[in-house]
Amino acid sequence: MSKQDVPGVGPYGGPAGGWGALQAVARALRQQMGVAREAKMLLKVNQPAGFDCPGCAWPDPRSTSSFEFCENGAKAVSWEATTKRTTPEFFARHAVSELWNWSDFDLEDQGRLTHPMRYDAATDRYVPVSWEDAFVRIGTALRALQDPNMAEFYTSGRASNEAAFLYQLFARRFGTNNFPDCSNMCHEATSVGLPESIGVGKGTVTLADFDHCDAIFCIGHNPGTNHPRMLATLRAASRRGAKIVVLNPLRERGLERFMSPQDPVEMVTGRSTAIATDYLQLKIGGDVAVLKGMMKTLLAMDRANRAARGEGVFDRPFIDAHTAGFDELVSDLDATSWADIVGTAGVSREEIEKIADVYAQARAVIVCYGMGITQHRSGTANVQQIVNLQLLRGNLGRDGAGICPLRGHSNVQGDRTVGITEVPPAPFLDSLQRVFGFEPPREHGHGAIAAIEAMRDGRSKALICLGGNLPVAMSDPQVCFDAIRKLDLAVHIATKLNRSHLLAAKETLLLPCLGRTELDVQAGGPQSVTVEDSMSMVHASQGSLTPASEHLRSEPAIVAGMAKATLDDPLLDWDGWIADYSRIRDKIEAVFPSFEGYNERIREPGGFRLYNAASARQWNTASGRALFVTHKGVMEDPRLGRADALVLATIRSHDQYNTTIYALNDRYRGITGRRDVVFVNEQDLEERGLKHGDLVDLETIEHAVSVGGSRRLCGLTAVAYDIPRGSVAAYYPEANGLVSLGDNDSRSGTPSYKSIPVLLSLSQGDCLPEAAVAAWRHDDVRDNRTGAAVAAEDGGRRADRSTPA
Ligand SMILES: Nc1nc2c(c(=O)[nH]1)N[C@H]1C(S)=C(S)[C@@H](COP(=O)(O)OP(=O)(O)OC[C@H]3O[C@@H](n4cnc5c(=O)[nH]c(N)nc54)[C@H](O)[C@@H]3O)O[C@H]1N2
Ligand SMILES: Nc1nc2c(c(=O)[nH]1)N[C@H]1C(S)=C(S)[C@@H](COP(=O)(O)OP(=O)(O)OC[C@H]3O[C@@H](n4cnc5c(=O)[nH]c(N)nc54)[C@H](O)[C@@H]3O)O[C@H]1N2
Ligand SMILES: [Mo]
């Protein structure tokens, strides 16, 4: 098949942003909402008295006077503010087993949940339940557990600080530290790696630092899609001459060129701003090698410069005064060969030396990174190599320099700050005890993987989900599905229907909540909540839309309802807290000293920044110094010894928010109306006797650790793509069936979603396991044909799916 003939696969020539982005916004709004609602809502996004965009965790400029346009923010907002509704009548019409065969897209596309519902096994349907009855059932089931540690309290990172704080209080008063959360699948490598290296588990920069840096390194993140407001920051940096270096196996358009919809000249003249000054398409998993190559180059430069009686390239005063472990790092750099570096990196020594030179020339450097760094077996080590690089030139804790992990969900960082963690530090538990007068559990609880294993093995019998879509987002979805079906209690607090809700436990409840965009009126009047962005800024968020249904309750109110029905502790004033959320904030402040003056400080536009010790060059590490943590060699995945092996990274399309699929397009990668593709280097295809457009299967090399049978994903269409040899990419969550629960970073447990060793071959046909089918099928694939087969037959109609009327 020639390149043009594969349905839904084509080139994309334009920049990121531009008119295409404006059109996409208009389309998202038109599909989901009425015109009046749109205008009111869009003017409130990220405004001082408005609501925090649920799209991503990138911060806003302090004085948000102009509307910051963002295509994917608009999609996230319109997805929540939709006028579509999933009502009791809908549930009466459709049995849960029928809904199971719907696509993830179709489930969420039914719109906002309107009533609390309970699963009725006799009719295999969700039926309405009163809030009071729902809470009684939850309380009864939780109290019936033999041990509080048999309950799992999952959090997805959209929950506000107020909701998350009450949630952890509820669970800890109940008696467990089992807090699996989306962070376990996301930036856990950051939360483990950074504290060991620099004493804080968060990024060290502020937005202002981007105005003062000379170079920005963007490693393994895709801002054009996942944090689009960052493009405005990168554009400004590029325009004032800062160097922007990208390490990414894929040429992501937003990192190459951006046409700002806020710039009339660019929009009218069709000009765009170049973003990356250097773009290294390294192999998947080649980051440690490139970082070591850079450090090795700096070391050579430093030695040469000192031999010539210069001061060297490294920041010696900083290294001497602030760090430990420098000598070990140097020995490792000397011991690591260029042959190993270049082999694993997949880019040349010259390319690495060139960006090392950019690094050395820059007075202040920021390194940004995302899932391309954390979701590997070496995730924690990857993060720590970034720190090592930054420490060498003192690029931490000073103007224009630092580390910037791009967090995922809009409040995932805040949820951690206020206590959503399975490994709570002792001082925090001491504070809880002091403020609330009970002895919180001290033993560590379950993160996401441990929680699934406990449910799988029958050691946990209850799961409460404050948002999210855990079994679909998680590795080994089939294991997760089976695990949840065995429970005594499954509770989902959600805005929209998703596959998690279709896994019936003995008692299953679906509790609809208010979203960020909606007015939250409690006994004490309209309430606002607070969130923390990627740069530790805490600010208020207040919705203004009429709620999707009069039966919705706020997340804090639902948590309080469950807590009251479960616990018997007169000292906990659930009703008082819900009447006025500022009282919840008073309690947060009482537990966490860094929130001093909480209620006053969130009144300032832009909010306030939580103290970050590393930003002030105070190192809360074991040694009191910032630590060079040495990991020997280039850390290539030993499973890649097989010559025919490829490494698969699972990635996000431009039209999805994690497991929420907005539409089946991935505009910047040239994909329209489908997601059943795998991006492969053309030579890798040829070598296997395959070509562009062939129907192929992916099979993992390491076979199932926790489920029987081989892990295959069948019927993908191979797309010849600009990706390094040996690397392939496919969409998340469809490819999650290929990731075993056991395949994760041993330090942090972050699943290795970005480095799955696979074999690629011509498709053998029908072998989709339930887990893959479930997430895979889209409306037009429901008749059991593979997506690719359907696409081949009627590419036109599929392409149209992106713009239904
Ligand atoms: N619109 C939208 N916004 C989102 C989300 C969404 O799904 N949709 N999700 C939110 C969440 S929870 C998160 S965590 C963030 C995720 O945001 P990102 O961190 O951008 O996540 P991904 O798209 O998974 O992957 C990022 C990039 O890593 C690259 N990559 C893959 N493997 C490697 C590697 O080995 N090395 C390097 N250097 N790069 C590699 C991929 O090519 C891709 O460009 O976005 C948040 N924002
Ligand atoms: N293969 C692979 N797997 C991955 C990843 C990957 O890159 N590759 N990325 C991982 C990452 S980074 C993450 S963060 C996880 C995401 O895992 P989760 O956070 O569990 O998943 P989401 O898809 O974000 O959750 C979507 C659901 O959240 C609910 N929701 C939306 N808004 C609200 C709200 O305001 N309140 C409540 N209560 N519910 C709401 C809706 O019902 C929606 O269906 O997935 C991980 N899984
Ligand atoms: Mo994430």
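As a basis for the values below, the full set of heavy atoms in this structure was taken, side chains included, without hydrogen atoms, waters or symmetry mates. Numbers for residues simply follow the sequence, beginning at 1. In listed order, ligands and their atoms are each counted from 1.
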Quiz item: Aromatic rings His654 and Tyr668: how do their planes relate, parallel, tilted or perpendicular, breaks at 30° and 60°?
Solution: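 Tilted: the ring planes of His654 and Tyr668 meet at 30° to 60°.
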
Quiz item: Should the ring pair His115 and His551 be called parallel, tilted or perpendicular, given that the plane angle runs from 0 to 90° and is split at 30 and 60?
Solution: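 Aromatic pair His115/His551 classed tilted.
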
Practice problem: Please state whether Arg652 comes within less than 4.0 angstrom of ligand 2, counting heavy atoms only. | Solution: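 Arg652 counts as a contact of ligand 2 under the 4.0 Å cut-off.
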
Quiz item: Any non-hydrogen atom of Asn469 lying under 4.0 Å from ligand 2?
Solution: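 So Asn469 counts as touching ligand 2.
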
Self-check item: Any side-chain donor near an acceptor of the partner, Ser740 and Asp743, under 3.5 Å
Solution: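 Side chains of Ser740 and Asp743: no pair found under 3.5 Å.
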
Self-check item: Donor + acceptor pair across side chains of Asp287, Tyr369 (<3.5 Å)
Solution: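 Distance-only check fails for Asp287 and Tyr369.
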
Quiz item: Got an N/O contact under 3.5 Å between Met371 and ligand 1?
Solution: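 Yes, Met371 has an N/O under 3.5 Å of an N/O on ligand 1.
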
Using a 4.0 Å heavy-atom cut-off, which part of [X] comes near ligand 2: side chain, backbone, both, or neither?
| X | value |
| --- | --- |
| His409 | side chain |
| Asn498 | side chain |
| Arg158 | side chain |
| Cys513 | side chain |

Quiz item: Quick one: does Gln375 get within less than 4.0 Å of ligand 1, heavy atoms only?
Solution: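 Contact check Gln375 vs ligand 1: negative.
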
Quiz item: With a 4.0 Å cut-off on heavy atoms, is Ile219 touching ligand 1?
Solution: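 Yes.
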
Quiz item: Between Phe170 and Phe153, does the ring centre distance come in under 6.0 Å?
Solution: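 Between Phe153 and Phe170, which both carry aromatic rings, the centre distance is below 6.0 Å.
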
Self-check item: Aromatic ring proximity, centroids under 6.0 angstrom, Phe90 and Trp102
Solution: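 Under 6.0 Å, so yes.
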
Residue [X] vicinity, atoms of ligand 2 by number, heavy atom under 4.0 Å:
| X | result |
| --- | --- |
| Gly467 | 37 (C), 38 (N), 39 (N) |
| Glu108 | 43 (C), 44 (O) |
| Tyr154 | 17 (O), 18 (P), 19 (O), 20 (O) |

For ligand 2, which is the ligand I care about here, please tell me if [X] has any N or O atom under 3.5 Å from one of the ligand's N or O atoms.
| X | value |
| --- | --- |
| Thr659 | yes |
| Ile493 | yes |
| Thr650 | yes |

Quiz item: Counting only heavy atoms, which portion of Asn72 has something under 4.0 Å from ligand 1: side chain, backbone, both, or neither?
Solution: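 Side chain only.
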
Exercise. Report the part of Asn222 (side chain from C-beta onward, or backbone N, CA, C, O) that has a heavy atom under 4.0 Å from ligand 1; answer both or neither where that applies.
Key: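 The answer is both, backbone and side chain.
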
What is the nearest protein non-hydrogen atom to [atom], stated with its residue, atom name and distance?
| atom | value |
| --- | --- |
| atom 42 (O) of ligand 2 | Lys496 O, 2.9 Å |
| atom 23 (O) of ligand 1 | Asn226 ND2, 2.9 Å |
| atom 37 (C) of ligand 2 | Glu555 OE2, 3.0 Å |
| atom 25 (O) of ligand 1 | Lys754 CE, 3.5 Å |

Practice problem: Pick whichever of Glu71, Lys75, Glu252, Arg251 has a heavy atom sitting closest to atom 44 (O) of ligand 1. | Solution: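 Shortest heavy-atom distance from atom 44 (O) of ligand 1: Glu252.
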
Exercise. Measure from atom 34 (C) of ligand 1 to every heavy atom in Gly372, Ala473, Gly157 and give the option owning the shortest one.
Key: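 Of the listed residues, Gly372 has the closest heavy atom.
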
Self-check item: Arg675 to Tyr731, cation-pi by 6.0 Å centre distance and 45° axis angle
Solution: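 Verdict for Tyr731: a cation-pi partner in Arg675.
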
Practice problem: Measure from NZ or CZ of Arg257 to the centre of the six-membered ring of Tyr279, then state whether that distance is under 6.0 Å and the direction lies within 45° of the axis. | Solution: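 No, a cation-pi geometry is absent between Arg257 and Tyr279.
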
Exercise. For residues Val77 and Thr517, determine if any side-chain heavy atom of one lies less than 4.5 Å from a side-chain heavy atom of the other.
Key: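 Counting from C-beta outward, Val77 and Thr517 do come under 4.5 Å.
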
Quiz item: Of the options Thr155, Asp533, Thr530, Asn161, which is the one that meets Asn411 in a side chain to side chain donor-acceptor pair (under 3.5 Å)?
Solution: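 Output: one option passes, namely Asn161.
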
Quiz item: Taking the side chain from Arg85 and the backbone from Ala548, do they hold a donor-acceptor pair closer than 3.5 Å?
Solution: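 Indeed, once roles are kept as given, a pair shorter than 3.5 Å links the two residues.
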
Exercise. Starting from the C-alpha separation in whole Å, work towards a yes-or-no answer on salt bridge (charged side-chain N to carboxylate O under 4.0 Å, His left out) for Lys496 and Asp109.
Key: CA-CA 8 Å; Lys496 286 198 175 176; Asp109 195 41; over 6 Å; no

